[in-house]
Student: 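Take this structure first; my questions come after.
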Amino acid sequence: MLPAFSPALVVVGLAAVGFLVGIRLMQSPRTALWGNRLGAFSMAGALLFALLEVGVSLPAGILLLVGGGIGIVLGQKVTMIRMPQMVALFNGFGGAASALVALTAMGVASGDAGLASLLTAAVALAVGVLTFTGSIVAGLKLQAWLPQRQVVLRGHRALLSAVLVAGAGLIVLLVLPPRRPELVLQLAIVGVFALYGVLMALRVGGADMPVVISLLNSLSGIAAGVSGVAVANALLAGVGALVGVAGMILTQIMCRAMNRSLVSVLGGLREVGGGGGGGARPTPSARKHGARSRDDPEEAAVALLRQARTVVIVPGYGMALAQAQQTVRNLATALERDGKDVRFGIHPVAGRMPGHMNVLLAEAGVGFEKLYDMQRINPELPETDVVVAVGACDVINPAASTAEGTPIYGMPVINASHAKAVIVCNLDERPGYSGVDNTLYGERHVETLWGDAADTVAGITRGYQRGRTVSEPGDELRERAVSAIRGARSVVVVPGYGLALAQAQEALKSLIDALEEAGKRVGVAIHPRAGGILGHMAFLLQSAGIEHDRLVSLEQANAELAGIDLALVVGACDVANRAAWGEPDVRAAASGMVALRVEEASSVVVCNLDAAPGYSGVDNPLYREPNVIPVWGDAARTLPLLLERCAERVANDVP
Amino acid sequence: MIAVLVFLVVCAVLGYRIISAVPSLLHTPLMSGMNALSGITVLGAIAVYAVAPPELQWAAGLAMVLAMINVAGGFWVTERMVRMFRGRRPGRSDRPSTEDGEGER
């Protein structure tokens, strides 16, 4: 029993709080790094205290350093696609370590072992061993060194039950008086539960791995917790319980997401045979090619993406198998460059372990703010123009809500079919792991591209980008705008409130910087009415780093504009609209003031959202002037685009 | 032993509340972090190593190595992963974020 107050108690409390707060910080990607570090710090503290308390022996120190070294090498070398194997291996090590501690503890206490400590040690030994062998089998399966499919022996379930009963019997034998742990008995327990772990993991198929890994994670914690009770180490018990609970929560989440019960996963139960499938059902291909044959699905997909404003990419494990993460990210980048809203919809079991897909995409450079889980993305899908499914089958199968009696009936899925159009980039039209045909493939608003996702997605991306530079209507204007910008020696920028609405101040600042770097003279003309309140625009520009000394007043600008090569209008309409100010018969918002006479510059590039009139409601005749080049669209995207094209041309000019 | 059990239950209950709120985005780092925490067994290993009879020294020693692999490897790989989630926010990250407040209005 622990004394009321002791340094040990303080250390235990501090470390436990450190771990809990660390996990609390793991609730947000912004703080997770510090959460992990706090956990590591707490662990280091607990370790140091344990060493001080027991006294460090040289061999112990060496062993600890060896373990730490191996751990760091493993942690550094592992690739993100192999994280499930890594976690499985660590689960196994955790289980083995706890089993070994329990074994040693039994030997230490062999003289006067109490029932409770002997029983807990035996349970820790059993759970630890089965965690170890189960994890090793799971890891080998994930690494594909063992067959990934489920391996079911004859009478598998009976065998498992028999082994479990035998194991329980052995534990009872061990703790019965005279309670002398005999080596033979211990070894028998080890052997029986090792067999149990192997049998248990062997029967689980590849796609059920998220459940099994979570479960083994939990078991490794339980083994640690029970061994902690056995050796009366509070911190070991508490943290073990923490790990056990975490694993259980994840197991629960994974089961729910797969529409399976833990019993059916571990029991290898599947309502529909995976290999079979049967020939009676109509194949999607028959339906599809009969109903509507498209000449080229890739072209159709490109056309869909070009028209889309909102795109949701739904990756499945097929994407990871095809190693197409980077390709998919490139597609997302290409779409975003054109101002499209691109997000990722991630099903909980999209990878081989909880959260795996998020890590794979983060590794490919996708920002976490674009990663949406199923609950968050589903309400958005009816408003989504295009869903691009990459290597995802079961997790987007609408049959989950309609096909009663199938294994996926009732399984929560990403409702890709609710989007206005769907592009499917899967390897083939065969059903996914569930064995249930994907009814999505046959729907009218779905384009299917069969083949390796790395190829098909790259094809779409190429087609999309090619289309962008050749046939987009705004493109020619943009090229003219680029020419005008590159040819100008003096530039006056005319910002309007549209700039602020588009939050394009920083983009403007980058463009101005680039122009100055190219040796151009750049001024910024501010109309008193630009911005929400007087002086607002100057303030907005100031906070984006565009300094006061660059600003030119209305009068000064109008006096000089005739001699300027280029006026660059950004999100400004009324302030450069003669019609809105001049004629007395129009609804002039502030008569007596004048417009900026931007049309007097040799050429004018207008980066406004559209050709619609501003607040005054008066059409802007500026847009029809021959020297005006409109580049319509969100300034936050058109400005960087212009800048990029200018830079590209420079690069092309050099060789 | 009662005190240890009580502590175990308290940790489990608090852990349940906190861990439930970790978003699926971070479930993989959570698991590898839990691997690291399961290496807490090293405390037990250190304790039993000191008192283990000679014929069981190997077991305690091996437990120390395995548990330390978990501690070091778990925290290390979690650090790597969490960094990926944090960094590489295109464009804006390298600028002072005076702009963000403006955007809310």
Side-chain angles (χ1 to χ4, degrees), chain A residues 2 20 23-24 26-27 29 32-33 36 40 50 54 60 63-64 67-68 70-72 74-75 87 90 93-94 96-98 100-101 103-105 107-108 217 220-221 224 229 231-234 236-239 241-243 245-246 249 348 354-356 358-359 362-363 365 367-368 373 503 543, chain B residues 1 3-4 7-8 11-12 14-16 18-22 24-28 30-32 34-35 37-38 40-41 43-46 48-53 56 59-79 81-82 84-86 88-89 98 103:
Chain A
L2 289 164
L20 286 169
I23 300 172
R24 172 69 184 74
M26 286 289 247
Q27 288 175 5
L33 188 60
N36 186 50
V54 176
L63 289 173
L64 290 175
I70 297 174
I72 288 175
L74 286 176
V87 168
F90 283 173
F93 286 172
S98 299
L100 288 167
V101 167
L103 190 70
T104 318
V108 171
N217 199 235
S220 76
V229 176
V231 302
N233 185 321
L236 181 43
V239 175
L242 211 57
V243 177
V245 165
I249 292 172
H356 193 195
N358 296 296
V359 174
E363 187 186 31
F368 70 82
D373 62 21
Q503 285 290 305
S543 41
Chain B
M1 184 174 269
V4 172
F7 187 71
L8 185 148
C11 279
L14 285 177
Y16 187 86
I18 296 174
I19 296 163
S20 300
V22 175
S24 62
L25 178 73
L26 291 169
H27 275 171
T28 298
L30 174 69
M31 285 192 88
S32 57
M34 286 301 154
N35 280 152
L37 291 199
S38 78
I40 192 83
T41 309
L43 300 189
I46 289 172
V48 294
Y49 185 83
V51 295
L56 282 173
L62 184 57
M64 273 204 279
V65 174
L66 292 178
M68 264 320 274
I69 292 178
N70 269 18
V71 170
F75 282 125
W76 192 278
V77 80
T78 308
E79 170 94 8
M81 258 186 281
V82 173
M84 290 185 329
F85 280 110
R86 211 159 163 266
R88 275 195 260 175
R89 294 177 57 207
T98 49

Student: Do you know which two heavy atoms are closest between A/Phe368 and B/Phe85, and how far apart they sit?
Tutor: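 Shortest heavy-atom contact: CD2-O, 2.7 Å.
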Student: Heavy-atom cut-off 4.5 Å, strictly under: side chain, backbone, both or neither for B/Tyr16 against chain A?
Tutor: both
Student: Examine whether an atom of A/Leu20 lies under 4.5 Å from a heavy atom of chain B, and if so say whether it belongs to the side chain, the backbone or both; otherwise answer neither.
Tutor: both
Student: Please give me the minimum heavy-atom distance between B/Leu66 and A/Ala96, naming the atom from each residue.
Tutor: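 Answer, listing the atom of B/Leu66 first, then A/Ala96: CD1-CB, 3.6 Å.
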Student: Say you draw a straight line from CD1 of B/Ile19 to CD of A/Gln27; how long is it, rounded to the nearest 0.5 Å?
Tutor: 9.5 Å
Student: For B/Thr78, check side chain to side chain donor-acceptor pair (under 3.5 Å) against everything at least two apart and list the hits.
Tutor: B/Ser32
Student: Please determine, among A/Val231, A/Leu103, A/Val359, the option with the most heavy-atom pairs under 4.5 Å with chain B.
Tutor: A/Val359
Student: Would you name the heavy atoms of A/Pro354 and B/Met31 that are closest together and state the gap between them?
Tutor: CD-SD, 3.5 Å
Student: So which heavy atom on A/Leu236 is nearest to which on B/Ile40, and how close?
Tutor: CD1-CG2, 3.5 Å
Student: Where does B/Leu26 contact chain A at under 4.5 Å (heavy atoms): side chain, backbone, both or neither?
Tutor: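 Side chain only.
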Student: Side chain from CB out, backbone as N, CA, C, O: work out which of these in B/Val71 comes under 4.5 Å of a heavy atom of chain A, or both, or neither.
Tutor: side chain
Student: Quick one: OG1 on A/Thr104 to OH on B/Tyr49, what's the gap to the nearest 0.5 Å?
Tutor: 11.0 Å
Student: What option among A/Ala50, A/Ala40, A/Gly94 has the most heavy-atom pairs under 4.5 Å with chain B?
Tutor: A/Ala40
Student: Answer with side chain, backbone, both or neither: which region of A/Leu63 has an atom nearer than 4.5 Å to a non-hydrogen atom of chain B?
Tutor: both
Student: For the CD1 atom of A/Ile70 and the CD1 atom of B/Ile69, what is their distance to the nearest 0.5 Å?
Tutor: 4.0 Å
Student: So A/Leu64 and B/Ile46, do their side chains get closer than 4.5 Å, heavy atoms only?
Tutor: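 Yes, close enough: below the 4.5 Å cut-off.
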Student: Using the side chain to side chain contact (heavy atoms under 4.5 Å, CB included) rule, take A/Leu100 and B/Val48 through it: C-alpha gap first, then chi angles, then the decisive distance, then the call.
Tutor: CA-CA 10 Å; A/Leu100 288 167; B/Val48 294; over 6 Å; no
Student: Work out which heavy atom in B/Glu79 is nearest to a heavy atom in A/Asn36; give both atom names and the distance.
Tutor: N-ND2, 3.2 Å
Student: Heavy-atom distance under 4.5 Å to chain B: side chain of A/Val229, backbone, both or neither?
Tutor: both
Student: Return yes if some donor-acceptor pair links the side-chain N/O of B/Ser24 with the main-chain N/O of A/Gly355 below 3.5 Å, else return no.
Tutor: no
Student: For B/Ala72, check side chain to side chain contact (heavy atoms under 4.5 Å, CB included) against everything at least two apart and list the hits.
Tutor: A/Ile72
Student: Taking the side chain from B/Thr41 and the backbone from A/Ala224, do they hold a donor-acceptor pair closer than 3.5 Å?
Tutor: no
Student: Would you mind telling me which of B/Val22, B/Asn35, B/Ile18, B/Val77 has the largest number of heavy-atom pairs within less than 4.5 Å of chain A?
Tutor: B/Asn35
Student: Using every non-hydrogen atom in the two residues, find where B/Ala50 and A/Val54 come nearest and quote the distance to one decimal.
Tutor: CB-CG1, 3.1 Å
Student: Counting C-beta onward and ignoring hydrogens, is there a side-chain heavy-atom pair between B/Met34 and A/Ile23 closer than 4.5 Å?
Tutor: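 Yes. Closest side-chain heavy atoms under 4.5 Å.
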Student: Keeping A/Glu363 on the side-chain end and B/Met84 on the backbone end, is there a donor-acceptor pair under 3.5 Å?
Tutor: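 Checking the backbone N and O of B/Met84 against the side chain of A/Glu363, no donor-acceptor pair under 3.5 Å is found.
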Student: Would you say the side chain of B/Leu25 lies within less than 4.5 Å of the side chain of A/Asp373, judging by non-hydrogen atoms?
Tutor: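 Of all side-chain heavy-atom pairs linking B/Leu25 with A/Asp373, none is under 4.5 Å.
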